[in-house]
Structure formats: C-alpha cells, structure tokens
Amino acid sequence: MNTKTVGYIIKRILLAVLTIWVVITVTFFVMHAVPGGPFNSEKAITPAAKQALEAKYGLNKPLMEQYVTYLKGIITEFDFGPSLKLRGRQVTDIVFDGMKTSATLGLAAALIALIFGVFLGAAAALNRNRFADRVIMVLTTAFVSMPSFIMGTLLLFLLSVRFMIFPANGATAGGLVLPIITLSLSPMSHITRLTRSSMLDVLDQDYIRTAKAKGVSKWKIIFGHALKNSLIPVITYFGPMLAYIVTGSLVIEQIFAVPGIGRSFVKCIINRDYPLIMGTTIILSILIVVMNLVSDILYKVVDPRINFE
Amino acid sequence: MKKIIAVLLVVFMAAAVFSSCSKKSTGISVCLASEPDTIDPALNSAVDGATLIAHLFQGLSKWAQDANGKLVIVADAAKELVAPVENSDGTVTYTYTLRDGLKWSDGKDVKASDFVYAWNRAASFDLGADYGYMFEVVKGYDAMVEAKDSGEKDKDGEPIYVAANPDAKLDAVADDAAKTITVTLSSPVSYWNELLAFPTYFPVREDVVKNEAWATEAATYVCNGPYTIAKWNHDSVIVLEKNANFVDADQIKMDVINFYLSDDANNMLANFKNGSWQLIDDVPTNEINTLKKDYPNEFVIAGQIGTYYVCWNINEEILPAGKITGDKVADEKARQEIRSAIGLLFDRNYIVEEIGQAGQVPASSFVAMGMTDADGTEFYKNANKAAGNSYAGYYNVDASAMESNVAAAKAVLDKYYAKGDDGKYTDFPTLEYLYNTSEGHKAIGEYLAAALDKLGIKMNLTNQEWNTFLNTRKNGDYTIARNGWVADYNDPICFLDMWTTGSGNNDVQFGKGASADLKMYNLDLTAYGYDVNVENGTWAETYDVLISKIKGCTDNTKRMQMMHVAEDMLMATGCIVPLYYYTDIYMIDDSVSGFFSNPLGYKYFMYCTIK
C-alpha cells in the first residue's frame with residue numbers, strides 16, 4: 001500500500017466521521033421539530049405527570065443543552081440512553097437485538113444473491129442467445145421489476161398458506177427462509193445481469209483470444225481470467241447493496257413478522273421515542289458509511305488500475 | 001450442477017422438516033399485537049399487555065366464567081370479596097385476608113405488604129403511570145398526586161411541577177402476620193371488585209421492581225400468577241409456562257402459551273390459516289366479509305365497551321358571517337343547534353354495514369353499549385329517557401328514520417344558512433375533517449364528506465400521522481375530528497370524567513379558550529339531595545361540579561341518574577357525534593375449547609384445551 005492509498009483512506013475516514021456527525025445533528029433537530037412527543041397517548045396522563053416524566057428524561061431542558069449532553073454521552077461512553085416507550089430497556093440492547101436478525105437475514109440474502117447471481121450470469125454469458133440464456137434473462141427481468149411486497153406476499157401465500165412448506169412467522173428459524181428468498185431475488189437478478197454483460201465484454205477481449213490460441217483449457221479461461229475480470233461492476237454494486245440489505249427492510253419484516261430493525265425503526269418514529277430514533281439512525285448510518293468505504297477500497301484490490309485521485 | 005441441486009434439495013427438505021417441527025410444540029400459540037410497551041402491571045395501559053399480565057399475576061380478584069359461562073368477578077388471592085364497612089365520615093373500609101400458600105414464582109411468600117407497596121407505587125406521582133388514576137377512589141390518592149410549582153421553568157418557559165406531598169401514601173394498611181389488607185375508599189364504589197381484578201392493582205415485590213429493567217427480560221420477571229415467562233425473544237415471541245409455585249396450579253389446563261408478537265394482520269391471517277397460530281386478534285379489514293363466510297365458526301365478533309365518534313372543536317366558528325350576533329351565549333346556542341343537526345345527517349347503518357363490516361352497532365349515545373345501569377339494564381338503553389322518545393338515545397338510528405332525521409336537520413339549517421337554486425346551502429363555511437392516517441378512518445371521513453356534500457356543505461379531509469394527530473386534537477387545532485374511546489372498567493364515569501375542563505382528554509375544549517367564560521349551562525342537583533342549582537354557569541361551574549358530585553356519591557341509583565344528566569349535558573352541546581359502538585373481532589381455531597374474553601378485551605387462555 002503506497003502513501004497515496006493511505007492518505008486516501010485517512011481522508012475517507014475523516015469524511016465518514018463528518019458525515020455521521022451531520023446525520024446526528026440533522027436527525028436530532030428535525031426529530032424534535034416534528035409535533036408530538038413520547039408521552040402522548042390516546043388516554044392522556046395529567047399535565048403534571050407528563051412534566052415529571054419529561055423532567056426525568058431531561059426533555060424539559062433547552063434543546064441545545066440536550067444536544068450537547070447527548071453528543072457527550074455517545075462520544076465518551078457510547079451511551080444511547082434508555083428507551084422512552086419500552087420502559088426499562090436500553091436503546092443499545094434494542095438496536096442490537098434488531099440488528100442481529102436483520103443482519104443475519106441480510107447477509108444470508110446477500111450471499112445467496114452473490115453466489116447464484118454470478119453463477120447464473122456466467123451461465124447465461126457462456127450460453128449466449130441459447131435457450132438457457134433466454135430463460136435466465138426473462139426470470140431476472142421479472143425479479144428485478146417485481147416489488148418485494150408483491151414477491152413476499154406471493155411466496156407467503158404459495159409456500160406457507162397453500163402448501164405449508166415454510167412457516168409464515170419470522171420468529172422461528174425456519175420462518176427466515178422465505179424472507180431471505182424474497183430479499184435475495186432482486187439483487188441476485190441484478191448481479192446476474194451485471195455478470196452476464198461484463199462477462200460477454202471480457203470474453204471478446206484480446207487476451208482471452210490469446211489464451212484460447214495458446215490452448216488453455218476452457219474452464220481455466222473462464223475461472224482464471226474471464227470471471228475475475230468481469231466481477232468489477234459486481235463489486236461496485238455489491239458494497240452499497242450489502243449496506244442496504246443488512247440494515248433491514250421494513251416491508252419484508254412486516255410481511256413475514258421478522259423481529260428486525262426495520263420494523264422497530266418505523267415504530268419508534270411513530271412513538272417519538274427520541275433516544276431510540278437517534279440510536280437506530282446512528283448505528284445504521286455508521287454501517288452504511290463503513291460498508292461504502294470498504295467497497296471503495298475493494299475496487300483497488302480487484303483492479304490495480306484504479307487510481308485514488 | 002447435479003451436486004448443487006442435491007445440496008439445495010437437502011437444505012430445502014431440512015428447512016421443511018424444521019418448520020413442521022416447530023408447529024407441533026405443546027400448548028397454544030396466539031398473536032394479539034406487537035411487542036408490548038411494558039408488562040409491568042403498574043405501567044401497562046394496553047389491552048394486549050393486560051392479557052399477558054392477567055396470565056402472569058394474581059390480584060385480589062379476577063375475571064372468571066361461572067357454571068353457565070357467564071363472566072363474573074370472583075375472589076382470587078383474597079379469601080373472599082368482603083362487603084365494605086361504612087365509617088362515620090362517609091368513607092368505607094374493606095379488609096381482605098389473603099389465602100394460604102400464596103407464593104411468588106421464585107418461591108418466596110406473597111405478603112399483604114406486597115399489595116400495599118404495589119398500589120402506592122402505581123399511584124405515585126413520580127412513576128407517572130398512565131393508569132395511576134385508577135386509585136383515585138382510594139383515600140389519600142389526591143394528596144399523592146397533588147403537584148406544586150417548583151419555581152423552575154422548562155425550555156418553553158412553563159413552570160415545572162413536583163409532587164406537593166412526596167411522602168403521601170394511600171390509605172391502605174397491610175398486616176403481614178395476619179395476612180390482611182385494610183383499604184379505605186373515599187366513598188363506596190360499585191366497580192371496586194372489578195378494579196381489584198385490574199392489572200394496576202396487582203402486587204409486585206419491592207426488591208424485584210427496584211431494578212428498573214425487571215419487566216423487560218424473562219430472567220428478572222418475578223410474578224405470582226398461573227404462569228411465568230420461560231422465554232422472551234423481543235419483538236418475536238413471549239413463551240409462558242405453568243408456574244409450579246402457583247397456588248391454584250392444579251386448575252390451570254394449558255401448559256404453555258406462546259404469545260407471538262406481530263401487528264401485521266395479513267401475516268397473522270397466514271399463520272392462522274396454516275395452523276401455526278390458534279388465535280389471532282386482528283384480521284385484514286378487506287378480508288372480513290370473506291372470512292365471515294369461510295370461517296363461520298372461527299370468526300368471532302365480541303362486544304367491546306367503546307364508542308367511535310366525531311368531535312367538534314367548540315371554539316370554531318361555523319355560523320355564516322351575517323348570523324353572528326355578537327352575543328356569545330346566543331351564538332353558541334345557535335352553534336349547538338347546528339352541530340346537533342349535522343349529526344343527524346349521517347347514516348350510521350351504512351357506516352357499520354358497508355365500511356366497518358365487523359358487526360359494529362350504530363350508536364345513539366356517547367356512553368357505550370355494554371355499560372350497566374343501576375337496575376342492571378344497559379345504560380345506553382336508558383339514555384335520554386326523560387325525552388320520552390320511542391327509541392333509545394339522543395336520536396333515532398333506525399334505518400327507517402334516516403329520512404326524517406335529514407328533514408329535521410334541514411329544518412334547523414334552513415334557519416341559519418342561505419340556499420341556492422339547487423336547494424344546497426351556499427354559505428356554510430368549509431369544514432376541515434382531521435383523522436389519523438388509516439384506510440378505515442379515511443373511508444369513514446369520505447362518507448361523512450359525501451353526506452354533507454349533498455347539502456352543499458364542503459368538508460376537506462386532512463390526515464395526520466398518529467402522534468402528530470394526538471397533539472393537534474388535544475391542542476384544539478381542528479374544526480372536526482375523528483375520535484374514539486374504549487372503557488377501562490364497567491362504569492359510565494370513564495366516558496364522562498374525560499370532559500371536565502382540565503382533563504387531558506378534553507379534545508372538544510369545553511370551558512377552554514374562548515368558551516372559558518361562556519355562561520350558559522344549567523345544573524340543578526337539588527332533586528338528588530345536593531345544594532347545587534346553577535343557572536347560566538360556565539362549563540367549570542356546572543359540568544365539573546356534576547362530575548365531582550358523581551364521584552363522591554354513595555347512592556348507586558342516584559349516581560347513575562346523575563351520570564345520565566352528565567351525558568345529557570354533553571350531548572346537548574352537539575360537539576360529540578357518536579357513530580358506532582366498537583366490537584372486538586378475532587379468529588379462534590375450532591380445536592380450542594375453554595377460551596373466554598372479558599368486556600375490556602382481555603383474553604384468557606389458561607383454561608383452554610386443544611382437541
């Protein structure tokens with residue numbers, strides 16, 4: 001690694017910290033600007049009791065003071081405080097509980113998408129314009145364009161109500177199969193199409209022709225030369241996709257009742273559970289920023305021609 | 001390729017086997033709602049939380065089914081539900097003796113002082129529990145929640161209040177040696193035994209709840225009821241197992257109850273249809289008609305004590321410019337008449353049959369169906385009885401009466417508004433209907449707007465996200481809004497005391513803002529033995545006084561009569577437009593027997609068996 005690369009990485013890390021600070025600040029003030037509050041409910045408590053609760057959680061202090069206290073809490077102790085609605089529970093526990101499920105789901109889906117996507121893409125490219133290629137292309141077009149809530153509902157109806165193969169309930173381990181499939185279909189189709197087109201591109205290159213002329217075996221050409229070089233666009237796509245997919249999908253978590261972060265995120269906003277909103281936003285933004293950074297660095301590893309300028 | 005297919009097949013089959021295994025767990029699997037906000041008996045104010053707590057705790061009394069299947073309140077931790085002893089100052093005292101052999105789930109003895117500690121905790125100013133006011137009938141409560149200005153100001157410049165009497169306690173005394181609890185109420189309360197069966201009155205142990213997080217994990221949750229928490233995967237499932245230390249353990253039939261935590265009606269239905277869950281507490285609204293047909297025995301519509309209604313903001317002007325006289329009282333009287341007339345324009349039968357579709361009952365009064373009057377009859381059937389109408393309530397909700405209702409409404413509106421050639425009113429100010437975002441509320445709003453549009457009255461619909469909506473409605477920043485109220489206990493007072501001037505639920509803004517000095521209400525309580533006869537008083541001088549008299553009244557017949565008076569006052573303002581009485585819909589597998597639910601919507605699974 002040369003100094004240029006190190007400099008680039010340091011610059012990117014500083015930028016990442018700045019991004020996260022901006023996210024914290026904007027979220028904090030926008031969240032408080034939205035009408036409503038954590039202690040609102042259909043059956044109202046007395047104004048005095050409400051004030052007592054606000055005082056307990058420091059919500060009666062000036063906003064700027066709350067902001068400074070909050071920042072200090074995270075920087076010095078990584079303390080996100082207690083949830084205001086789920087009384088007695090800590091934000092960190094709630095976020096990590098949800099993250100565990102969402103990340104398991106996301107990682108499994110991403111892995112399936114990657115393996116099957118590359119495999120199908122390569123298969124399609126090697127069988128260009130033949131029957132297998134056509135089938136793969138039609139299916140992937142359908143999967144890319146079908147919204148996940150339709151796909152999810154369809155799978156739920158077919159595989160868990162009509163044929164009862166998988167449970168409909170994401171609380172059980174078997175119940176994660178359908179959400180994983182639903183979550184993986186669209187990125188898998190993307191990867192298939194990316195791999196196919198870049199593989200076709202690579203197969204036409206001079207060095208492949210040279211390799212063929214030299215008598216290198218077909219499989220060695222495909223795995224040793226063609227596939228590796230056709231993966232660059234896949235990596236470009238995979239990094240942000242991974243960040244997106246492991247941070248939870250509200251729609252899929254709702255359809256399959258998966259106890260993930262997406263569901264809890266929406267609920268805490270409705271509840272105006274300020275510490276939980278902040279905690280979830282911060283942890284998700286850290287994840288996304290880090291994964292984008294990692295995928296940027298990976299380009300360099302895969303393709304040394306890429307210059308960090 | 002073959003290998004890959006083989007591996008895939010194995011994974012697929014393993015998953016299928018795994019998933020079918022999980023279906024066959026012993027016990028019953030149910031889904032009521034998503035993760036409860038809390039299952040601390042003192043803090044809980046939700047129906048799903050109350051159901052869980054009813055399985056985990058034992059109060060002095062409980063809901064049960066008698067031999068005929070009728071719901072009754074019976075003694076539980078108490079040996080018997082005693083009659084009160086009247087004191088010379090009008091207060092009443094109850095002395096309960098605990099049964100022998102009561103244990104906490106960790107094996108320690110349940111003591112009388114655990115109850116008294118729990119009550120004081122739940123009622124305390126500092127805890128700020130939603131249902132702290134459930135103790136307002138107990139002597140000493142008022143002093144406990146009295147607030148005083150601390151002299152400090154918060155960020156909005158509002159004074160910060162603190163407890164005025166931090167050491168105040170409820171008038172309840174425990175004798176651990178004799179196992180007795182002696183509690184004094186400010187006055188006799190007809191629903192006291194029911195209150196004792198309410199989660200807020202359940203005991204907790206001081207050393208357990210000292211840990212603020214005690215009610216968030218299975219390991220720290222110590223209870224005294226039929227079940228304990230065996231497993232709690234947040235947002236996913238709470239598993240209850242029979243409590244071996246429970247005094248009546250031999251009567252509990254169901255060994256394990258899995259409470260799955262989800263609020264997606266479509267997902268619930270999928271799990272019900274494939275047999276994973278035996279009871280679901282919600283179904284997709286657009287499926288109701290199909291389900292009624294396909295599952296005639298499993299689709300259940302149960303009564304629920306609640307009213308869906310529309311409320312007006314009393315301070316909003318609806319008179320046309322030319323008809324405002326400037327005399328505040330005369331103008332408000334005109335508005336009362338207009339609002340009441342508008343309330344007659346809505347076809348409640350259409351709303352429940354075409355929009356609600358869940359067996360709701362058209363409402364002609366605010367206090368809901370299901371409340372009992374002094375003589376044991378239904379309270380709502382006696383509403384507005386003095387008027388001597390052929391129908392119950394404040395207007396006729398029969399489908400056949402719709403035409404005459406509209407004619408009566410038009411007769412009133414004609415007095416105030418100008419009409420165009422097409423017979424439609426031309427100068428009715430455009431109304432704004434506020435509702436919280438939901439398909440069902442929207443459909444009702446659209447119907448109301450269409451009904452008004454026939455007469456030329458324009459009503460725009462505005463929807464707001466739930467929390468924002470609560471704020472807007474509470475602050476009175478609306479003209480007309482969607483509203484609903486579900487009872488906490490079987491007494492009409494919980495529909496009436498919410499409308500006192502200072503109540504946090506006074507969404508109509510009675511006696512607030514411009515109407516604070518509106519001297520136009522009458523209250524004569526001399527017939528009930530009170531020295532109260534106010535003519536042309538403010539809302540605070542009349543309605544607030546009436547509510548406080550009702551709360552202090554020891555004669556149940558008089559008390560109920562005065563509650564009818566209060567409802568008459570309320571309905572005369574025209575600010576409250578009841579649409580229908582709520583129902584509770586759920587689906588229960590026909591293999592389950594022994595299940596029951598109470599009018600508050602709590603569901604009981606402990607006596608269930610599965611065929």
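By convention in this document, chain letters (A, B, ...) are assigned in the order of the sequence lines, proteins followed by strands, and residues within each chain are numbered from 1.
- If you measure heavy-atom distances from A:Ile255 to chain B, the contacts under 4.5 Å come from the backbone alone.
- How far CG of A:Asn40 is from OG1 of B:Thr468: 9.0 Å, rounded to the nearest 0.5 Å.
- Only the side chain of A:Gln51 comes within contact range of chain B, with heavy atoms under 4.5 Å apart.
- Looking at A:Arg263, the atoms closer than 4.5 Å to chain B (heavy atoms on both sides) all sit in the side chain, from C-beta outward.
- With a 4.5 Å cut-off on non-hydrogen atoms, B:Ala270 touches chain A through its backbone and its side chain both.
- Contacts of B:Glu212 with chain A are made by both backbone and side-chain atoms, with heavy-atom separations under 4.5 Å.
- Residue B:Ala163 does not touch chain A at all, counting heavy-atom pairs closer than 4.5 Å.
- Rounding to the nearest 0.5 Å gives a distance of 10.0 Å between CG of A:Leu156 and NZ of B:Lys273.
- The environment of CZ in A:Phe29 is crowded: more than 12 heavy-atom neighbours from other residues, nucleotides or ligands sit within 6.0 Å.
- Taking CG of B:Asp235 as the reference point, atom NZ of A:Lys267 lies at 5.5 Å (rounded to 0.5 Å).
- For chain A, the nearby part of B:Tyr131 is the side chain; its heavy atoms alone come within less than 4.5 Å.
- Annotation for B:Glu465: atom CD counts as buried by contact number, over 12 foreign heavy atoms lying within 6.0 Å.
- The contact between B:Asn271 and chain A is made by backbone and side chain atoms together, counting heavy-atom distances below 4.5 Å.
- Residues B:Asn471 and A:Gly36 share a closest heavy-atom pair of ND2-N, 3.2 Å.
- For chain A, the nearby parts of B:Glu35 are the backbone and the side chain; heavy atoms of each come within less than 4.5 Å.
- The candidate from B:Asp263, B:Leu43, B:Asp507 with the greatest count of non-hydrogen atom pairs under 4.5 Å with chain A is B:Leu43.
- The 12-atom threshold is exceeded at NZ of B:Lys512, counting heavy atoms of other residues, nucleotides or ligands nearer than 6.0 Å.
- Proximity to chain A is limited to the side chain of B:Asn483, based on heavy atoms less than 4.5 angstrom apart.
- Proximity to chain A is absent for every atom of B:Leu269, based on heavy atoms less than 4.5 angstrom apart.
- Looking at B:Trp277, only its side chain comes within 4.5 Å of chain A, counting heavy atoms on both sides.
- Put simply, the side chain of B:Asn467 never gets that close to the backbone of A:Pro35: no donor and acceptor are under 3.5 Å apart.
- Taking chain B as the reference chain and counting heavy-atom pairs below 4.5 Å, the highest number among A:Ala168, A:Gly260, A:Ala171 is found for A:Ala168.
- To the nearest 0.5 Å, atoms CG (B:Asn258) and CG (A:Asn169) are separated by 10.0 Å.
- For the options B:Val237, B:Val486, B:Val162, heavy-atom pairs under 4.5 Å to chain A are most numerous at B:Val486.
- For the options A:Ala55, A:Gly170, A:Pro82, A:Ala257, heavy-atom pairs under 4.5 Å to chain B are most numerous at A:Ala257.
- Within the 3.5 Å criterion, the main-chain N or O of A:Ser160 finds a donor-acceptor partner in the side chain of B:Asn274.
- Among residues 83-95 of chain A, the residues having any heavy atom closer than 4.5 Å to a heavy atom of chain B are, in sequence order, A:Lys85, A:Leu86, A:Arg87, A:Gly88, A:Arg89.
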